[in-house]
Each structure stands twice: as structure tokens, then as C-alpha cells.
Amino acid sequence: MTGFSLPSDLRYASTHEWCDQQGDVVAVGITDYAQDQLSDVVFVELPEVGEDFETGQTVATVESVKAAADVYAPMAGRVTEVNGTLLDNPEEINSDPYGSWFLKLEVAPGTDNPDLLDAAGYRALTQT
């Protein structure tokens, strides 16, 4: 798929999450590519504020008319905020995947994920 949007200021996981890190807080959502593969999103399950996650752990679940998919933590951290709007309006993920963040994590000190990709790297991944 070549026609999906891919902001250059975000980093991407090979599992199709995007992350926008501002200081020690990272907003997490799913990419345009991921929402397109899922089709019409009908339900989102979000974690509780205060929950701790390790890199790669399931932090949320997305269900569509086609399938259910896990959303994974791109970095270790503690949930500081969830996007409650998605609970009532999960279809916003389809219309605005980069504005529809799922949660925000306060990144554990000294934590980074060297496996996160820039936009060019993620585009190459999804074109194979």
C-alpha cells in the first residue's frame, strides 16, 4: 500500500503503532496503514491510568468489522492518560488515525526503543 499518510515527525513500530514523544511522555496510536487493514473500527479497549507496561506488552485492543488486533507499548512506561473519546467514537481511528491517540505513557527513565522506525523505514516495511 503506497497511498497512506505517514507524518515524518513520528516514530513507528513494526507492529503498526505510531508514537509521538514530547519529553518523557509518548502518545501512542495506530498507523493509517493499520486502520486501513482493519477496516471499520467498532470497539476499543484501553488500559487504566497508572498501569505500567514493558516494551512490546499489549496496552490496548482494537476491534473492527474484520478482525481484532492488539496495540503494543512502543516503550516501557506508565499510562498517564487515555483517550476516552475513542470508547464512544472508535470510528475516529479510521477518519483521523494520527489525531486519535489511544494513550499516553510516561516513559521509564533511560528507556528508548532503538527498533522504532522513522517514516521512511516504516514505509519500506509496509511495502514489502
Side-chain angles (χ1 to χ4, degrees):
M1 179 178 178
T2 57
F4 62 93
S5 67
L6 204 57
S8 61
D9 60 334
L10 302 177
R11 295 199 303 167
Y12 301 89
S14 61
T15 50
H16 310 292
E17 292 82 18
W18 59 261
C19 55
D20 182 10
Q21 188 165 0
Q22 304 295 322
D24 63 351
V25 175
V26 62
V28 179
I30 62 170
T31 65
D32 191 15
Y33 177 84
Q35 72 77 25
D36 182 70
Q37 296 297 302
L38 284 166
S39 188
D40 297 328
V41 174
V42 296
F43 178 76
V44 176
E45 183 179 339
L46 300 172
E48 297 291 324
V49 171
E51 281 190 74
D52 292 320
F53 292 94
E54 295 299 321
T55 302
Q57 255 189 312
T58 300
V59 292
T61 304
V62 182
E63 293 182 16
S64 73
V65 294
K66 287 173 60 175
D70 289 332
V71 177
Y72 302 101
M75 290 186 230
R78 174 168 289 154
V79 177
T80 59
E81 192 176 348
V82 295
N83 187 350
T85 301
L86 295 181
L87 298 174
D88 295 325
N89 302 295
E91 66 279 358
E92 287 186 11
I93 296 164
N94 294 118
S95 59
D96 186 13
Y98 298 108
S100 300
W101 53 274
F102 285 52
L103 57 112
K104 293 184 179 179
L105 288 173
E106 182 177 3
V107 179
T111 298
D112 192 20
N113 182 346
D115 295 328
L116 291 174
L117 305 166
D118 62 10
Y122 183 74
R123 186 171 302 280
L125 173 81
T126 57
Q127 289 178 342
T128 57

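Index from 1, following the sequence. Keep in mind that the numbers below use all heavy atoms, side chains included, and drop hydrogens, waters and symmetry copies.
- Residue pairs that meet the ring pair (Phe, Tyr, Trp, His ring centres under 6.0 Å) test with at least one member in residues 100-123, sequence neighbours left out, are Tyr12-Tyr122, His16-Tyr122.
- By the rule that hydrophobic residues join a cluster once side-chain heavy atoms approach within less than 4.5 Å of another member, Leu125 and Leu6 end up as members of one cluster.
- Ser100 approaches Asp96 most closely through the heavy-atom pair OG-O, 2.8 Å.
- No side-chain heavy atom of Asp115 sits less than 4.5 Å from a side-chain heavy atom of Ser14.
- Side-chain atoms of Ser39 do not come within 3.5 Å of backbone N or O of Val65 as any donor-acceptor pair.
- Cluster membership for Leu116 and Val59, using ILVMFWY side-chain heavy atoms within less than 4.5 angstrom, is shared.
- A continuous path of hydrophobic side-chain contacts links Val62 to Val82 [ILVMFWY only; heavy atoms under 4.5 Å].
- Residue Leu10 holds its CG atom at 13.0 Å from CD of Glu17, rounded to the nearest 0.5 Å.
- Under the side chain to side chain contact (heavy atoms under 4.5 Å, CB included) test applied with Ile93, the options Asn83, Asp32, Val44 reduce to a single match, Val44.
- Val79 places a side-chain heavy atom less than 4.5 Å from the side chain of Leu105.
- Annotation for Ala73 and Glu54: closest pair CB-O, 3.6 Å, computed over non-hydrogen atoms.
- No continuous path of hydrophobic side-chain contacts links Tyr72 to Leu103 [ILVMFWY only; heavy atoms under 4.5 Å].
- Cluster membership for Leu87 and Ile30, using ILVMFWY side-chain heavy atoms within less than 4.5 angstrom, is shared.
- Shortest non-hydrogen contact noted between Ala119 and Pro7 is CB-O, 3.9 Å.
- Annotation: cation-pi pair Arg123/Phe4 present, NZ/CZ under 6.0 Å from the ring centroid and within 45° of its normal.
- Among residues two or more places apart in sequence or in another chain, the side chain to side chain contact (heavy atoms under 4.5 Å, CB included) test is passed with Ala69 by Leu38.
- The side chain to side chain contact (heavy atoms under 4.5 Å, CB included) test applied to Glu106 returns Asp24, Thr80, not counting sequence neighbours.
- Proximity of a side-chain donor or acceptor of Asn89 to a complementary backbone N or O of Glu91 within less than 3.5 Å is not detected.
- Heavy atoms only, all atoms of each residue included: Ala76 and Thr111 are closest at N-CG2, 3.7 Å.
- In this structure, Gln21 contributes its side chain and Gly23 its backbone to a donor-acceptor pair below 3.5 Å.
- Asp70 contributes atom CG, which lies 11.0 Å from atom CD of Gln57 (distance to the nearest 0.5 angstrom).
- For the pair Asn113 (side chain) and Pro74 (backbone), a donor-acceptor distance under 3.5 Å is present.
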